[in-house]
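Proteins come first, then strands; the chains are lettered A, B, ... in the order of their sequence lines, and each starts at number 1. This one's a predicted model, so the numbers in the text were calculated from it and none came from an experiment.
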2 protein chains.
Amino acid sequence: MAENRTAKAAQTRAGIVDAALTLFRSGGYDATTMRAIADEAGVSLGSAYYYFSGKEELVQAFYDQLQLEHAAAAETAYDRSAFADRLRGVMESFLDVAEPFHDFGGQFFRNAADPRSPLSPFSPESAPAREASTDLMRRAVEGSDLKVAPALRQELPDLLWLLHMGVVLFWVYDDSPGQRRTRALVAGLVPLVDRSIRLTRLPLVRGLVDDGLGVVRSLRG
Amino acid sequence: MAENRTAKAAQTRAGIVDAALTLFRSGGYDATTMRAIADEAGVSLGSAYYYFSGKEELVQAFYDQLQLEHAAAAETAYDRSAFADRLRGVMESFLDVAEPFHDFGGQFFRNAADPRSPLSPFSPESAPAREASTDLMRRAVEGSDLKVAPALRQELPDLLWLLHMGVVLFWVYDDSPGQRRTRALVAGLVPLVDRSIRLTRLPLVRGLVDDGLGVVRSLRG
DNA sequence: GTCTATAGTGGGATAGAC
DNA sequence: GTCTATCCCACTATAGAC
């Protein structure tokens with residue numbers, strides 16, 4: 001993928017990514033033209049297309065950086081042992097890290113939503129970022145005080161990642177100042193999730209969960 | 001909005017929608033140009049833009065038609081009284097109606113995902129289609145044998161609509177032949193939802209649901 | 001009020017010379 | 001690897017025919 005034959009090529013490539021990130025930050029996705037990116041990077045339009053198949057591919061670089069920042073910010077969540085605290089920490093740290101990009105997050109999101117796009121969170125190209133993100137959830141579960149049936153525990157990181165995607169979706173659509181409503185959602189959701197998972201041990205609920213896990217597993221295969 | 005002064009205008013307008021739908025069907029969204037739509041409809045490019053502000057507005061017409069077809073196809077679901085049967089009927093009838101469009105559904109979906117786009121299912125412009133779709137869920141609940149606390153019953157149509165959106169999301173990403181996996185999801189999900197709602201009457205679960213409804217209501221306000 | 005013809009802008013993407 | 005020149009198309013604008 002990112003194997004650049006010469007050092008100079010790698011430098012040119014990095015310069016284009018830098019330029020794109022700068023312009024995306026200040027002007028959003030749609031308003032940032034490939035011409036402006038090439039100009040900012042000091043290369044021709046053709047060169048920009050030599051390194052990147054299109055504007056979309058430049059967004060992947062943006063995502064990767066956001067993911068790294070989220071992972072770093074989530075670190076403090078693992079200081080506590082209560083599952084709810086850890087989960088809330090991971091989810092809130094995303095909101096903190098992503099806040100500066102909220103205004104044009106939707107523009108990125110639009111491209112990510114295309115199933116055929118490599119930018120989709122479910123695409124093979126996104127697998128590394130997806131797994132890194134799922135790992136944040138796995139760590140929230142594994143070091144915590146949460147007691148849960150092994151079968152559910154195994155699926156939990158993936159399910160929590162899906163929940164995280166749902167929160168991100170809500171965040172994208174949230175136009176309240178400082179994304180206040182998404183923060184309220186997380187604050188309300190986390191205790192509910194925590195209690196729901198613990199309720200799993202009730203006999204009547206347990207049967208339901210087992211069947212649910214069966215559906216999940218059958219859809220994977 | 002769609003008030004056309006003369007019969008001729010209405011005919012021209014309908015012709016353009018028809019042409020767009022035909023071309024979307026055969027070639028997808030991106031590949032269909034406004035020029036081709038105008039040609040197919042036998043009008044000038046300027047005329048196409050006279051009636052529709054752009055390509056996106058043509059998609060809205062497509063959605064509206066799909067919604068109408070779904071409503072018609074869902075009618076048979078209401079013959080039965082068991083809630084699970086009614087819900088499954090509504091959900092499966094969507095899959096039946098939408099199947100011919102699956103291949104380029106994702107391209108539409110990309111535009112719909114932009115929060116600022118009128119095509120978004122949450123936009124004010126989509127309110128009529130959204131409410132019509134929610135009504136299908138309301139009818140699945142209201143004529144059924146389902147016994148559930150009034151507070152939850154009131155929110156149920158909106159919550160089921162959200163679930164439907166989730167299924168549509170899955171459907172968009174589903175590349176199995178005939179969307180077999182989405183059909184399996186619906187078949188697995190419906191009994192789970194049915195049982196979950198009934199479990200709501202358990203004292204321990206009830207407290208959880210009440211709190212969940214509290215979160216939902218606080219997010220609306 | 002409905003529609004055409006035409007001309008132009010901007011920007012994503014590509015071809016081919018160097 | 002890099003550039004220039006070009007294509008294509010969404011979209012706008014406008015003058016005027018009917």
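In this structure, A:Lys55 NZ and A:Phe24 CZ are separated by 6.5 Å, a value rounded to the nearest 0.5 Å. Here the straight-line distance linking atom CG of B:Leu21 with atom CZ of B:Arg25 works out to 6.0 Å at 0.5 Å rounding.
Taking side-chain N and O atoms only, A:Ser47 has no distance below 4.0 Å to OP1 or OP2 of D:dG1. Under 4.0 angstrom from either OP1 or OP2 of C:dT2 there lies at least one side-chain N or O belonging to B:Thr6. Between A:Tyr50 and D:dG1 there is a side-chain polar atom (N or O) within less than 4.0 angstrom of OP1 or OP2.
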Could you check A:Asp158 against A:Arg220 for salt bridge (Lys or Arg N to Asp or Glu O under 4.0 Å), going step by step and ending with a plain yes or no? CA-CA 12 Å; A:Asp158 282 347; A:Arg220 278 207 219 278; 3.2 Å; yes
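Atom-to-atom, CD of B:Gln11 to C1' of C:dG1 comes out at 16 Å; the value is rounded to the nearest Å. Rounded to whole Å, atom P of D:dC9 lies 13 Å from atom CG of B:Leu23. What separates OH of A:Tyr51 from C1' of C:dT14 is a distance of 18 Å, to the nearest Å. One atom, CD1 of B:Ile37, and another, P of D:dC9, lie 13 Å apart when rounded to the nearest Å. Protein atom CZ of A:Arg13 is 14 Å distant from nucleotide atom C1' of D:dG1, rounded to whole Å. In this structure, A:Asp39 places its CG atom 15 Å from C1' of D:dT2, rounding to the nearest Å. Rounded to an integer number of Å, the gap from A:Phe52 CZ to C:dT14 P is 15 Å. Across the protein-nucleic acid pair, B:Ile16 atom CD1 and C:dT2 atom C1' stand 11 Å apart, rounded to whole Å.
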With the sugar-phosphate defined as primed atoms, P, OP1 and OP2, and the base as all remaining atoms, what B/S/- string results for nucleotides 10-18 of chain D, 5' to 3', for protein heavy atoms under 4.0 Å? BBB------
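The listed nucleotides are D:dT2, C:dT2, D:dC3; the one nearest the side chain of A:Thr12 is D:dT2.
A:Asp96 and A:Arg183 are joined by a salt bridge, as a carboxylate oxygen and a charged side-chain nitrogen come within less than 4.0 angstrom of each other.
Residues passing the side-chain contact (heavy atoms from CB on, under 4.5 Å) test with B:Thr33 are B:Arg35, B:Ala36, sequence neighbours excluded. Partners of B:Glu56 according to the salt bridge (Lys or Arg N to Asp or Glu O under 4.0 Å) rule, which considers only residues two or more places apart in sequence or in another chain, do not exist here.
Both tests pass for B:Arg13 against the ring of B:Phe52: distance under 6.0 Å to the centre and angle within 45° of the axis.
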